[in-house]
Protein chains: 2
Amino acid sequence: MSATLKDVALKAGVSTSAVSRTFTPGASVSTKMRTRVEKAAEELGYQPNFLARSLTTRRTKLIGLVSDNFTNPFFLHVFDLFTSGLQEQGLRPLLVNISGQHDPVETAQMLRQYSVDGVIVASSTVGRDFVDAFQNVKIPIVYTFSRYYSSPEVNIVGIDNRAAGEYAANILIDRGYETIGFMGGPKEAISTYDRYLGFSKVMSEHPEIDFSYSFAEAYSFAAGRKEMMRLLEGDKAEAYFGADDVVSIGALSAIEAHGLSVPDDIGILGLNDIEMAGWENINLTTIRQPVAQIVASSIELMASLLEREGEQYPEARLLPSRLVERGTLRPPSDI
Amino acid sequence: MSATLKDVALKAGVSTSAVSRTFTPGASVSTKMRTRVEKAAEELGYQPNFLARSLTTRRTKLIGLVSDNFTNPFFLHVFDLFTSGLQEQGLRPLLVNISGQHDPVETAQMLRQYSVDGVIVASSTVGRDFVDAFQNVKIPIVYTFSRYYSSPEVNIVGIDNRAAGEYAANILIDRGYETIGFMGGPKEAISTYDRYLGFSKVMSEHPEIDFSYSFAEAYSFAAGRKEMMRLLEGDKAEAYFGADDVVSIGALSAIEAHGLSVPDDIGILGLNDIEMAGWENINLTTIRQPVAQIVASSIELMASLLEREGEQYPEARLLPSRLVERGTLRPPSDI
DNA sequence: ACCTTTTTTGCAACCGGTTGCAAAATAATT
DNA sequence: AATTATTTTGCAACCGGTTGCAAAAAAGGT
């Protein structure tokens with residue numbers, strides 16, 4: 001097998017501690033010793049074993065990256081940013097897929113068994129039971145792309161979904177739409193729920209507007225399409241807040257299939273601003289989540305948690321979302 | 001910190017070996033001992049430390065999952081299947097993102113430092129230098145979604161890209177197209193290159209057909225659109241083999257922007273059959289890669305490599321791809 | 001009840017490293 | 001040159017487990 005500490009020590013004729021110190025940044029070694037050890041290590045192709053080291057240092061640099069969202073292309077981008085960002089910090093993402101039915105407790109135990117230094121949960125739909133299970137094992141956790149308003153004591157990074165819901169509602173009202181619908185993702189999703197909360201609050205302040213709401217079965221194209229198909233059978237609204245881009249794009253397809261045109265016959269407002277929303281054959285007006293910022297901030301927060309050994313109070317970092325004007329909503333009615 | 005072997009042994013009043021054995025499947029322990037230990041473990045909330053264990057067993061159950069493709073939604077599906085499939089086998093994917101410029105040697109060393117049991121490379125564009133670097137550290141490797149015809153001694157699972165290129169060419173010829181174009185992904189991509197090889201081979205056997213080819217800059221919507229825009233400025237062909245769905249969908253958008261209709265004015269054939277290809281507003285005729293099979297077979301192959309401790313000769317598992325008829329190609333010309 | 005065979009258990013060494021502590025070596029001071 | 005302060009090094013214990021081996025216990029045979 002590959003060379004170990006002992007092999008190097010033997011070859012260099014020094015103690016194992018010396019070798020260990022050469023590979024430990026900031027340890028006390030003379031330059032003479034260092035070059036000597038390095039030479040032997042070089043010749044043997046020695047690389048310290050990170051996991052053996054972790055036994056004493058109690059740092060594996062492994063970060064559990066757990067998600068249940070492997071269908072929404074938005075999350076591919078999220079994974080891209082997370083993995084490259086973590087790698088830059090010398091951290092290693094252990095990807096955990098909890099879609100399908102997984103036991104929260106088992107997942108938490110698994111992460112403990114692998115001694116991950118921390119856990120980042122990247123999902124807008126992960127259930128409360130997972131939050132609780134993770135809370136029990138004492139590992140630093142950061143939740144992203146989700147938001148419990150009735151928050152347990154956890155770290156959160158993301159947009160303020162409730163505020164985004166309010167923002168969306170005001171946008172549609174400003175455009176002069178008089179019948180407005182909220183078309184959410186799955187009812188169980190926290191993100192959708194919070195967006196609904198904000199949206200309906202504003203609507204309740206505007207009794208003159210005919211407000212309705214419904215939920216797609218999943219954060220997917222097919223579900224969005226299906227739900228919009230259903231809506232178009234009945235009294236359709238003038239505009240819908242799709243609450244997610246993929247769902248909205250599915251809805252657009254349904255509208256097209258009905259021979260209706262956007263934004264003349266019906267307006268659609270998405271949320272996320274995935275790459276596809278900008279494709280010229282889609283051109284979805286949407287509210288952008290600052291994904292890169294959210295991810296960067298999450299990693300930064302995780303790094304500081306690791307530093308301070310969990311001494312820190314949990315915090316919520318909420319970032320602003322903003323409208324990206326494209327072609328699926330009519331312009332603001334000028335007063 | 002959390003309970004260790006020793007704590008449990010102490011509490012149960014037995015040796016540490018006994019405790020270790022209760023948690024080692026197939027070890028010799030009496031039922032009396034087992035229940036006694038389990039009770040103590042239960043009370044202390046003990047879970048064996050996987051990494052410490054790996055020190056002696058030489059198995060971490062970590063699998064490096066390395067990819068450089070974080071923009072093509074096709075790969076989100078691939079990651080979904082890989083992560084859940086690996087988890088089912090009790091294996092843990094350490095996700096490594098090598099997009100951006102990463103040093104192959106460093107990446108290989110990193111994987112060795114984390115003592116991964118094996119590496120799965122999921123990418124159609126990963127360079128030969130990575131293949132070589134991984135080859136040097138003695139870790140079982142499986143390459144998926146890629147294919148070197150001038151193959152080094154490595155394990156490969158995927159479709160036969162050259163055969164798929166031939167298949168595509170024959171499909172277009174059967175439809176009676178007389179000017180045909182190959183529009184590949186990036187020139188550097190192995191997959192695109194092999195597809196081109198097969199495609200052009202068939203074309204060279206049909207001198208009556210006006211054959212041309214070009215390459216998009218990346219496996220992305222924007223690149224496909226841009227390339228098709230460029231092609232439409234000149235003497236466009238009657239049909240194109242897009243060599244990737246996302247690229248093809250980009251091309252469709254360019255065609256639409258030019259006011260041309262599909263399949264009447266121009267035919268497009270994709271490859272992959274990503275979910276989006278089936279969306280009713282896209283409806284792309286495409287050649288399907290059997291993704292689920294490829295992933296399952298890769299995992300199975302990896303599992304058997306781990307079993308046999310690398311005694312196995314490298315093998316190539318090539319799976320069949322097949323046409324999915326939709327709306328972007330005209331029907332076969334009946335003779 | 002006694003001897004033999006089989007199963008269960010504990011001891012102690014080991015996996016590949018790190019680290020507190022004291023001894024040894026080097027540098028600084030007088 | 002002798003004394004003191006500082007840096008470097010090795011010893012040995014430890015991180016949390018596993019495992020070969022021999023002793024102890026249990027089971028089987030007569």
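Since the structure is predicted, the reported quantities are computational estimates derived from the model, not experimental observations. Letters A, B, ... are given to chains in the order of the sequence lines, protein chains preceding strands, and every chain is numbered from 1.
Take A:Thr71 and apply the side-chain hydrogen bond (donor to acceptor under 3.5 Å, both in side chains) test, not counting sequence neighbours, and it matches no residue. Partners of A:Phe70 under the ring pair (Phe, Tyr, Trp, His ring centres under 6.0 Å) rule, at least two apart in sequence or in another chain, are A:Phe79. The side-chain hydrogen bond (donor to acceptor under 3.5 Å, both in side chains) search around B:Asn69 returns none, not counting sequence neighbours. With sequence neighbours excluded, the residues that form a salt bridge (charged side-chain N to carboxylate O under 4.0 Å, His left out) with A:Arg317 are A:Glu300, A:Glu315. Listed by chain and residue number, A:Phe145 satisfy the ring pair (Phe, Tyr, Trp, His ring centres under 6.0 Å) test with A:Phe74 (two or more places apart in sequence, or in another chain). Qualifying ring pair (Phe, Tyr, Trp, His ring centres under 6.0 Å) partners for A:Tyr46, counting only residues two or more places apart in sequence or in other chains: A:Phe23. Shown here are the side-chain hydrogen bond (donor to acceptor under 3.5 Å, both in side chains) partners of A:Glu43, two or more places apart in sequence or in another chain: A:Lys11, A:Lys39.
Fit an axis to the five pairs at each end of the helix from C:dA1-D:dT30 to C:dT30-D:dA1 and the two axes sit 30° apart, to the nearest 10 degrees.
Put simply, OG on A:Ser115 and CG on A:Leu55 are 8.0 Å apart, with the number rounded to the nearest 0.5 Å.
Distance alone, capped at 3.5 Å, places no donor-acceptor pair between the A:Arg92 side chain and the B:Leu94 backbone.
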Tell me which donor-acceptor pairs under 3.5 Å the side chains of residues 116-123 of chain B have, and how far apart each pair is, sequence neighbours excluded?
residue  : atom : partner  : partner atom : Å
B:Asp117 : OD1  : B:Thr60  : N            : 3.0
B:Asp117 : OD1  : B:Thr60  : OG1          : 3.2
B:Asp117 : OD2  : B:Thr60  : N            : 3.3
B:Asp117 : OD2  : B:Lys61  : N            : 2.7
B:Ser123 : OG   : B:Asp68  : OD1          : 2.5
B:Ser123 : OG   : B:Thr125 : N            : 2.9
B:Ser123 : OG   : B:Thr125 : OG1          : 3.3
B:Ser123 : OG   : B:Val126 : N            : 2.9

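Residues of residues 17-28 of chain B having a heavy atom closer than 4.0 Å to DNA chain C, listed by number: B:Ser17, B:Ala18, B:Arg21, B:Ser28.
The 5' end of DNA chain D is approached more closely, in terms of each residue's nearest nucleotide, by A:Thr56 than by the other of A:Thr56 and B:Arg53. Between B:Leu55 and B:Val29, the one whose closest nucleotide on DNA chain C sits nearer the 5' end is B:Val29.
Residue contacts for B:Gln113: at a heavy-atom cut-off of 4.0 Å it reaches no nucleic acid atom on any strand shown. Within the nucleic acid shown, A:Phe50 has no heavy atom closer than 4.0 Å to any nucleic acid atom.
Atom-to-atom, OH of B:Tyr114 to C1' of C:dG17 comes out at 14 Å; the value is rounded to the nearest Å. Per the geometry, CE belonging to B:Met33 stands 13 Å off C1' belonging to D:dA25, to the nearest Å. Between A:Lys6 atom NZ and D:dC11 atom P there is a gap of 13 Å when expressed in whole angstrom units. Per the geometry, CG belonging to A:Leu51 stands 14 Å off P belonging to D:dG17, to the nearest Å. With rounding to whole Å, A:Arg59 atom CZ is found 15 Å from C:dT18 atom C1'. Atom CG in A:Leu5 sits about 16 Å away from atom P in C:dC14, given to the nearest Å. Whole-Å rounding puts the B:Arg112 CZ to C:dG16 P distance at 12 Å. Look at CZ on A:Arg58: it is 14 Å from P on D:dC14, rounded to the nearest Å.
Note on B:Ser30: a side-chain N or O is less than 4.0 Å away from OP1 or OP2 of C:dT9.
Applying the side chain to side chain donor-acceptor pair (under 3.5 Å) definition to pairs two or more places apart or across chains, those involving residues 94-107 of chain A are A:Asn97-A:Ser99, A:Asn97-B:Asp80, A:Asn97-B:Thr83.
Closest to the side chain of A:Thr4, from the set C:dG10, D:dC15, C:dG17, is C:dG17.
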For each nucleotide in nucleotides 22-28 of chain C, reading 5' to 3', give B when a protein heavy atom comes within less than 4.0 Å of its base, S when such contact involves only the sugar-phosphate, and - otherwise.
-------

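Around the OH atom of B:Tyr193, the shell of radius 6.0 Å holds no more than 12 heavy atoms that belong to other residues, nucleotides or ligands.
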